[in-house]
There are 2 protein chains.
Amino acid sequence: MKVKELATAAGVNPDTVRFYTREGLLNPTRNPENNYQHYDTEDLRRLRFARKARQLGFSLPEVRQILDQADDHHSPCPMVRDVFQQRLEGVEQEIEELQQLRKRMKSALAAWQDMPDGTPDGQTICRLIEHWDDNSPAKQVEE
Amino acid sequence: MKVKELATAAGVNPDTVRFYTREGLLNPTRNPENNYQHYDTEDLRRLRFARKARQLGFSLPEVRQILDQADDHHSPCPMVRDVFQQRLEGVEQEIEELQQLRKRMKSALAAWQDMPDGTPDGQTICRLIEHWDDNSPAKQVEE
DNA sequence: CTTTGACCTGTGAGTAGGTCACAGGTTTTA
DNA sequence: TAAAACCTGTGACCTACTCACAGGTCAAAG
């Protein structure tokens with residue numbers, strides 16, 4: 001397979017194939033006649049695997065690590081279980097934080113219902129934001 | 001105030017102060033004797049405002065836009081309400097997507113309970129991931 | 001046989017929002 | 001007077017791609 005064929009087969013951008021190749025996740029051979037890359041079904045498997053892993057939240061270095069372990073005929077699965085568990089916790093924390101943010105945003109919106117717009121007066125830029133309580137207290141300081 | 005003083009006052013990295021200055025969000029004056037930047041309380045207000053706005057999900061260009069409007073003595077608040085509403089929707093969508101991901105991850109974990117690790121055999125890299133159903137069907141192709 | 005279009009190549013830049021490193025100048029403290 | 005702590009600007013780095021560019025290759029159409 002050539003670049004675009006592999007890309008199409010895996011449903012990704014051809015540039016992603018080239019990028020992954022540069023990054024060492026794919027190991028194509030080269031046609032010496034025209035200098036083209038040649039990918040086989042193993043590469044397709046690796047690419048599909050990489051995409052799935054990315055969707056699951058693995059970083060590219062993590063994906064490469066898994067692939068490398070597989071190349072050395074070590075089972076990467078225990079590591080996968082491990083990193084996966086961590087990623088799940090990361091995702092849950094992200095959700096938590098976003099829900100906090102959402103809550104604060106909604107109460108800010110509610111509080112803004114009754115606030116006038118007001119023109120900047122040199123003391124305040126936009127009351128809507130300045131009076132938003134982010135419960136991260138800033139320190140006070142004088143010039 | 002000098003860079004580090006302002007940074008400390010606002011609870012940010014000094015490099016962030018320099019970065020925001022380069023980006024035109026802060027307008028310090030210069031001491032011609034030593035070429036140092038001098039920030040006043042107005043800059044501190046702007047910096048704090050910028051940080052709050054960033055926490056609310058405004059992008060730096062948006063923050064700059066608000067600040068510029070305030071400099072021109074136009075009330076930026078209607079724009080703020082508008083962008084804020086959009087950000088809220090964005091946040092809610094992010095939450096939605098993360099919850100979807102979390103759901104898929106949890107069911108994957110459950111399915112993995114009973115799967116053996118297995119050593120890579122050339123056909124499969126890590127069953128855990130390859131057998132994960134991401135409901136994004138890939139096309140089939142032969143070499 | 002030539003042209004056209006689709007593909008290939010590598011390299012480099014761009015994305016967002018900072019953070020860090022570097023080399024050299026200044027100020028403050030001991 | 002010397003070290004520590006600060007200042008300056010510039011440029012690289014981070015993620016995970018994506019896009020642009022300039023030039024080479026190839027298959028089909030004319």
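Labels below follow one simple rule: chain letters A, B, ... track the order of the sequence lines, proteins then strands, and each chain is numbered from 1.
Within the structure, every pair that satisfies the salt bridge (charged side-chain N to carboxylate O under 4.0 Å, His left out) test and touches residues 6-28 of chain A, not counting sequence neighbours, is listed here: A:Asp15-A:Arg18, A:Glu23-A:Arg64.
Using a 4.0 Å heavy-atom cutoff across all strands shown, B:Arg51 reaches sugar-phosphate atoms only and no base atom. Residue B:Glu23 is out of contact with every strand shown, counting any heavy-atom pair closer than 4.0 Å. Nucleic acid contact class of A:Glu33 (heavy atoms, under 4.0 Å, all strands): none.
Judged as a side-chain hydrogen bond (donor to acceptor under 3.5 Å, both in side chains), and not counting sequence neighbours, A:Glu33 has no contacts. With sequence neighbours excluded, the residues forming a side-chain hydrogen bond (donor to acceptor under 3.5 Å, both in side chains) with A:Glu92 are B:Arg102, listed by chain and number. In this view, B:Glu97 and B:Gln93 satisfy the side-chain hydrogen bond (donor to acceptor under 3.5 Å, both in side chains) rule, not counting sequence neighbours. Annotation: side-chain contact (heavy atoms from CB on, under 4.5 Å) contacts of A:Thr21 (sequence neighbours excluded): A:Val17, A:Leu26, A:Pro28, A:Gln37, A:Tyr39. Listed by chain and residue number, A:Asp82 satisfy the side-chain contact (heavy atoms from CB on, under 4.5 Å) test with A:Gln86 (two or more places apart in sequence, or in another chain). The salt bridge (charged side-chain N to carboxylate O under 4.0 Å, His left out) check on A:Glu96 picks up nothing, with sequence neighbours excluded. Residues meeting the side-chain hydrogen bond (donor to acceptor under 3.5 Å, both in side chains) test with B:Asn27, sequence neighbours left out: none.
Each of A:Tyr36 and A:Val3 belongs to its own hydrophobic cluster when Ile, Leu, Val, Met, Phe, Trp and Tyr are linked at side-chain heavy-atom distances under 4.5 angstrom.
A salt bridge is absent between B:Glu5 and B:Lys2; no separation between the charged side-chain nitrogens and carboxylate oxygens falls under 4.0 Å.
Between the B:Arg87 side chain and the B:Ser59 main chain, no donor and acceptor come within less than 3.5 Å of each other.
For DNA chain D, the outermost nucleotides in 5' to 3' order that have an atom under 4.0 Å from a heavy atom of chain B are D:dC6 to D:dT10.
Against DNA chain C, the stretch residues 12-20 of chain A makes heavy-atom approaches under 4.0 Å through A:Arg18.
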Could you pull out the protein-nucleic contacts involving nucleotides 12-16 of chain C (nitrogen or oxygen on both sides, under 3.5 Å)?
none

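Between B:Asn34 and C:dT27 there is a side-chain polar atom (N or O) within less than 4.0 angstrom of OP1 or OP2.
Smallest separation of non-hydrogen atoms from B:Met105 and A:Phe84: O-CE2, 3.5 Å.
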remark   = In 5'-to-3' order, the base (B), backbone-only (S) or no-contact (-) status of each nucleotide in nucleotides 2-7 of chain C, using a 4.0 angstrom heavy-atom cut-off, is -----S
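Within the model, atoms OG1 of B:Thr29 and CG of B:Asp40 stand 7.0 Å from one another, a figure rounded to the nearest 0.5 Å.
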